[in-house]
Amino acid sequence: MNPLLKVRDLRTTFTIGDSVARAVDGASFDLFPGETLGLVGESGCGKTVMALSILRLIEDPGEIVAGSVIEYEGANLLELSPRELRRIRGGEIAMIFQEPTTSLNPVLTVGAQIAETLRAHEEISREEARHRSVGLLDLVGIPDPDERASQYPHQLSGGMQQRVMIAMALSCEPKILIADEPTTALDVTIQAQILELLAALQRQLGMAMIFITHDLGVVAGIADRIAVMYGGQIIEEATTKSLFRRAAHPYTEALLQAAPRIDAKADRLSVIPGAVPPATAWPAGCRFHPRCPHAWEHCSGAVPDLLPLPPEHRARCWLVVEPHRRRA
């Protein structure tokens with residue numbers, strides 16, 4: 001099966017004064033039709049910038065560096081004209097942004113905002129757009145959709161606002177949905193409802209999805225494959241089953257150990273020492289080595305590639321080729 005989306009050596013930088021932040025620094029991955037790819041990592045690892053880069057939503061002082069490739073159905077999105085890109089953006093590749101409270105327009109009703117998206121991509125009347133907006137609100141499980149369509153974002157709860165964002169993203173039945181932390185700031189019950197809704201809509205529409213989160217527990221139940229980001233790079237990629245059975249990169253191991261478990265016997269959660277370094281000063285060699293319990297002198301010198309681990313598993317770590325270095 002050919003990938004629907006191919007990202008190769010994506011590099012996105014932000015230049016502020018004399019400093020250059022390499023927010024995404026050589027990331028590559030494939031997304032196949034109908035699958036869900038989970039993109040996980042701590043805040044500051046480059047997940048959201050990666051998503052915005054795919055849709056070319058990076059604004060000054062940001063720049064997608066020459067040589068990067070984002071190929072959708074054989075066309076490099078970085079080479080399309082603004083008119084061609086507008087056809088794809090929101091129509092064939094849609095995105096659910098973080099924080100619906102700030103993403104929705106506060107002076108337009110939610111129905112008008114969904115209708116605006118429909119009319120931007122299809123030649124339909126205002127009446128038809130309004131009718132379909134109500135249908136989309138009903139599709140995402142909002143009660144009394146006709147009444148809700150006439151309300152403003154501030155009149156809706158956080159969970160309903162997130163459902164409106166999903167309805168807007170799905171309005172043109174995209175082939176790819178990018179969901180950027182769609183359950184952040186929602187309570188656990190609403191999180192579960194949103195995840196179930198996305199999974200059901202994906203099955204119904206047959207779309208592929210990139211699900212961005214910092215929570216491995218959330219992505220475990222929804223993703224077919226997982227790509228772990230750290231320091232602007234993808235440092236491990238595997239099927240969900242393979243990753244949870246045996247994570248290969250120490251960073252992924254640390255994320256799994258830090259996740260709360262109902263069967264855990266420890267009194268305290270495990271923590272990852274230190275913090276993600278700034279994108280203006282990534283460490284030499286493996287970018288996780290200052291925080292890694294298994295690091296040795298080689299880790300601070302040479303940058304490892306994504307090394308293969310059968311089956312369908314790759315990790316950017318020297319422990320793949322020298323496993324005896326792993327400390328007990």
Test item: side-chain donor near acceptor, Gln98 and Thr48, under 3.5 Å: yes
Asp30/Lys6 ion pair, N-O < 4.0 Å: no
Salt-bridge present (Glu84, Arg87; N to O < 4.0 Å): no
Between CD1 on residue Ile166 and CG on residue Leu197, distance to nearest 0.5 Å: 5.0 Å
Main-chain N/O of Leu80 paired to Arg56 side chain as donor or acceptor, under 3.5 Å: yes
Glu71 side-chain N/O to Asn76 backbone N/O, donor-acceptor pair under 3.5 Å: no
Backbone N/O of Ala248 and side chain of Thr252: donor-acceptor pair under 3.5 Å: no
Exercise: do Ser19 and Thr280 side chains pair donor with acceptor under 3.5 Å: no
Any donor-acceptor pair under 3.5 Å from Thr12 side chain to Ile64 backbone: no
His121 atom NE2, over 12 foreign heavy atoms within 6.0 Å: yes
Salt bridge (charged side-chain N to carboxylate O under 4.0 Å, His left out) partners for Asp146, two or more places apart: Arg130
Greater than 12 external heavy atoms within 6.0 Å of Arg246's CZ: no
Candidates Arg316, His249, Arg291 - the one meeting side-chain hydrogen bond (donor to acceptor under 3.5 Å, both in side chains) with Tyr230: Arg291
Worked verdict on Ile234 versus Val228 for side chain to side chain contact (heavy atoms under 4.5 Å, CB included): CA-CA 6 Å; Ile234 291 176; Val228 181; over 6 Å; no
Heavy-atom donor-acceptor pair, Arg163 side chain to Ile194 backbone, under 3.5 Å: no
Cationic N near anionic O, under 4.0 Å, Arg119 to Glu128: no
Distance (rounded to the nearest 0.5 Å) between Glu99 CD and Gln162 CD: 8.5 Å
Working for salt bridge (Lys or Arg N to Asp or Glu O under 4.0 Å), residues Lys175 and Glu73: CA-CA 10 Å; Lys175 294 181 180 179; Glu73 293 192 330; 2.8 Å; yes
Heavy-atom neighbours of Glu173 CD exceed 12 at 6.0 Å: no
pair Pro182-Leu198: side-chain heavy atoms closer than 4.5 Å: yes
Sequence neighbours excluded - side chain to side chain donor-acceptor pair (under 3.5 Å) pairs with any residue from residues 204-221: Glu181-His214
Intermediate values then yes/no, side chain to side chain contact (heavy atoms under 4.5 Å, CB included), Arg326 and Glu253: CA-CA 12 Å; Arg326 186 180 293 273; Glu253 290 179 343; 2.8 Å; yes
Whether over 12 other heavy atoms sit under 6.0 Å from Glu122 CD: yes
Derivation of the side chain to side chain contact (heavy atoms under 4.5 Å, CB included) call for Met168 and Gln113: CA-CA 8 Å; Met168 194 180 305; Gln113 294 183 60; 3.7 Å; yes
No-hydrogen, no-angle side-chain donor-acceptor test under 3.5 Å, Thr15 and Glu63: no
Charged N-O contact under 4.0 Å between Glu236 and Arg314: no
Heavy atoms from other residues, nucleotides or ligands near CD of Glu116 exceed 12 (cutoff 6.0 Å): no
With Phe97, the side chain to side chain contact (heavy atoms under 4.5 Å, CB included) member among Thr102, Leu104, Leu57, Ile178: Leu57
Salt-bridge contact Lys47-Asp180 (side-chain N to carboxylate O under 4.0 Å): no
Donor + acceptor pair across side chains of Ser242, His313 (<3.5 Å): yes
